[in-house]
Amino acid sequence: MPIAGPQAWNEDVSTVSRPLAGLTIIEAASKGPLALDLALGLCGRIAADLGANVIRLSERADTASDLTKEEIAFLHAGKKRLTASSSQFDHLLQDVCTHANALLCDVGLLDHIPLELKLPIASIGMSLEAPMSGSEFTIEARSGLLDLVGDPNRQPLRLAGHPLAYTAGTALYLAMMMGVIEHKAGEKSGPKRVDLLDIGVWLNWKTLGLAKRGARIPSREGSASEWFIVPCADGFVALVYRIQEWEALKQATGDQRLQDERFATIHQRREHSKELNAILSDIFSRKTRAQIRALSLQYKLPLGPVWTPAELLTDEHFKHRAFFHPTFFEGQTFPMPRLPVIWNGTAFPPAEQEQPA
C-alpha cells in the first residue's frame with residue numbers, strides 16, 4: 001500500500017479545506033484492553049475528520065473485537081487500515097513511522113519503536129502500576145466513578161457506553177497535538193502519556209474535593225437520590241431541580257402534596273427524599289414528555305426528557321445544524337454525528353466527501 005510521506009503543515013490553514021491537512025498520523029494498537037483501543041480509535045478519528053492522513057495499524061482485526069459495525073464505522077471511517085500478525089507487526093510499524101508526523105499507540109508498543117525515530121509520540125495505558133492490565137470497568141471502580149450512580153442495595157454496574165475510554169481519547173488527541181506543535185516549533189518534544197486511571201479521577205474531581213475536606217460525598221442512593229430518572233406517560237424524564245427552583249417546581253406541578261412541611265427545606269427534603277421522590281414519580285407518570293418540556297420552559301426548570309437514538313436523528317436542532325451525516329464505510333452508509341467543531345465556518349468532515357475504508 002503506498003503511504004504518503006510527511007508534508008509541511010500548511011502555514012495558512014484558512015487556505016486548505018481542513019486544519020490538519022498535510023499531517024500523516026500513525027495509530028498503532030496491540031492486542032491490549034478494548035478501552036485503550038477505543039481511546040486510540042477516537043483520537044485518530046478526530047484527526048482524520050480534521051484532515052490528517054491517519055493510518056491505523058492493528059494486531060487485531062476490527063471485526064474480531066466485540067464492536068458492532070456501527071461502532072467500527074464511527075471509530076475508523078476516514079482512515080487507512082492495516083492488520084498485521086505479531087511476526088510482521090514490528091517491521092510494518094517501523095516502516096510506516098518513517099513516513100509519519102506523529103504516532104499514537106498504547107503503552108504496550110513503546111518498546112517496539114526505534115529510538116532513532118524523531119517524531120512526536122502520544123501513548124495511552126491503564127495506570128502506572130498496571131499499564132496494560134484491567135478493563136474500563138475496573139478503572140471506573142478504582143477511580144470512584146462507580147460509587148456515584150445506581151442502587152446501593154446491589155452491586156455497582158459499569159457506566160453505559162464508554163465515557164471513560166472516549167474521554168481518554170480526547171485527552172490523547174490534545175497530547176498528540178501538543179507534541180506536533182512543539183515539534184513544528186523546533187522544541188524538544190518528549191513522549192506524552194495518558195492513563196485511564198488519571199482520566200477517571202479527573203472526571204471524579206468534585207467527589208475527591210469533598211472527601212478531602214470531610215464534606216458529604218455523593219454516592220449510590222438509588223430511589224433516595226436528589227436527582228433521578230422517572231417514568232412519564234410516553235417515556236422517561238430526568239427530574240433535576242436546584243434549591244432555588246423548588247418553589248417553581250411546586251407551582252409547575254400544582255400538587256398540594258408538595259406543600260407538606262416535611263419538604264419545606266433542603267435538609268428536610270433530603271431527609272425524606274424517598275417519600276418526596278415517590279410523589280414526584282406519581283405526578284410525572286401521567287404527563288407526556290412534551291407536556292413536561294412545556295412546563296420546564298414556562299417555569300424555567302432544568303427538566304430533561306430522555307430521547308431515544310431514533311428521535312435524535314429527527315430532532316430539529318440537529319437537523320438545522322446538519323449534525324448527522326452519511327458516513328461511507330466498507331460499502332455501507334451509516335448516519336453518524338459530525339465532529340462537534342466548526343472551523344472557519346466549515347463543519348467536519350464535509351458531508352459530500354466519501355471517506356475511504
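Heads up: numbering here begins at 1 and tracks the sequence.
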With heavy-atom distances below 4.5 Å as the criterion, would you say the side chains of [X] and [Y] are in contact?
X	Y	value
Tyr166	Leu75	yes
Phe89	Leu82	no
Val107	Met132	yes
Arg142	Leu197	yes
Arg193	Leu128	yes
Cys43	Glu27	no
Ser123	Asp106	no

Glu59 versus Thr83, side-chain donor and acceptor atoms under 3.5 Å
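There is no such pair (donor and acceptor under 3.5 Å, judged by atom type) between the side chains of Thr83 and Glu59.
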
Scan for salt bridge (charged side-chain N to carboxylate O under 4.0 Å, His left out) pairs involving [range], sequence neighbours excluded, and state none if there are none.
range	value
residues 168-183	Glu182-Lys192
residues 239-251	Arg242-Glu245, Glu247-Lys250
residues 270-281	Glu226-Arg270
residues 297-325	Arg289-Glu311, Glu316-Lys319

Ser133: side-chain contact (heavy atoms from CB on, under 4.5 Å) partners, not counting sequence neighbours
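Testing Ser133 for side-chain contact (heavy atoms from CB on, under 4.5 Å), a comparison that skips the adjacent residues, returns Ala130.
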
Salt bridge (charged side-chain N to carboxylate O under 4.0 Å, His left out) partners for Asp260, two or more places apart:
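Salt bridge (charged side-chain N to carboxylate O under 4.0 Å, His left out) list for Asp260, sorted by chain: Arg262.
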
Steps toward salt bridge (charged side-chain N to carboxylate O under 4.0 Å, His left out) verdict (Arg56, Asp37):
CA-CA 11 Å; Arg56 173 175 168 79; Asp37 202 9; 3.0 Å; yes

Is it the case that atom CZ in Phe236 sees more than 12 heavy atoms from other parts of the structure closer than 6.0 Å?
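12 or below, so no.
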
Go through the steps to decide whether Arg338 and Asp49 satisfy the test salt bridge (charged side-chain N to carboxylate O under 4.0 Å, His left out), and finish with yes or no.
CA-CA 8 Å; Arg338 293 186 182 281; Asp49 279 358; over 6 Å; no

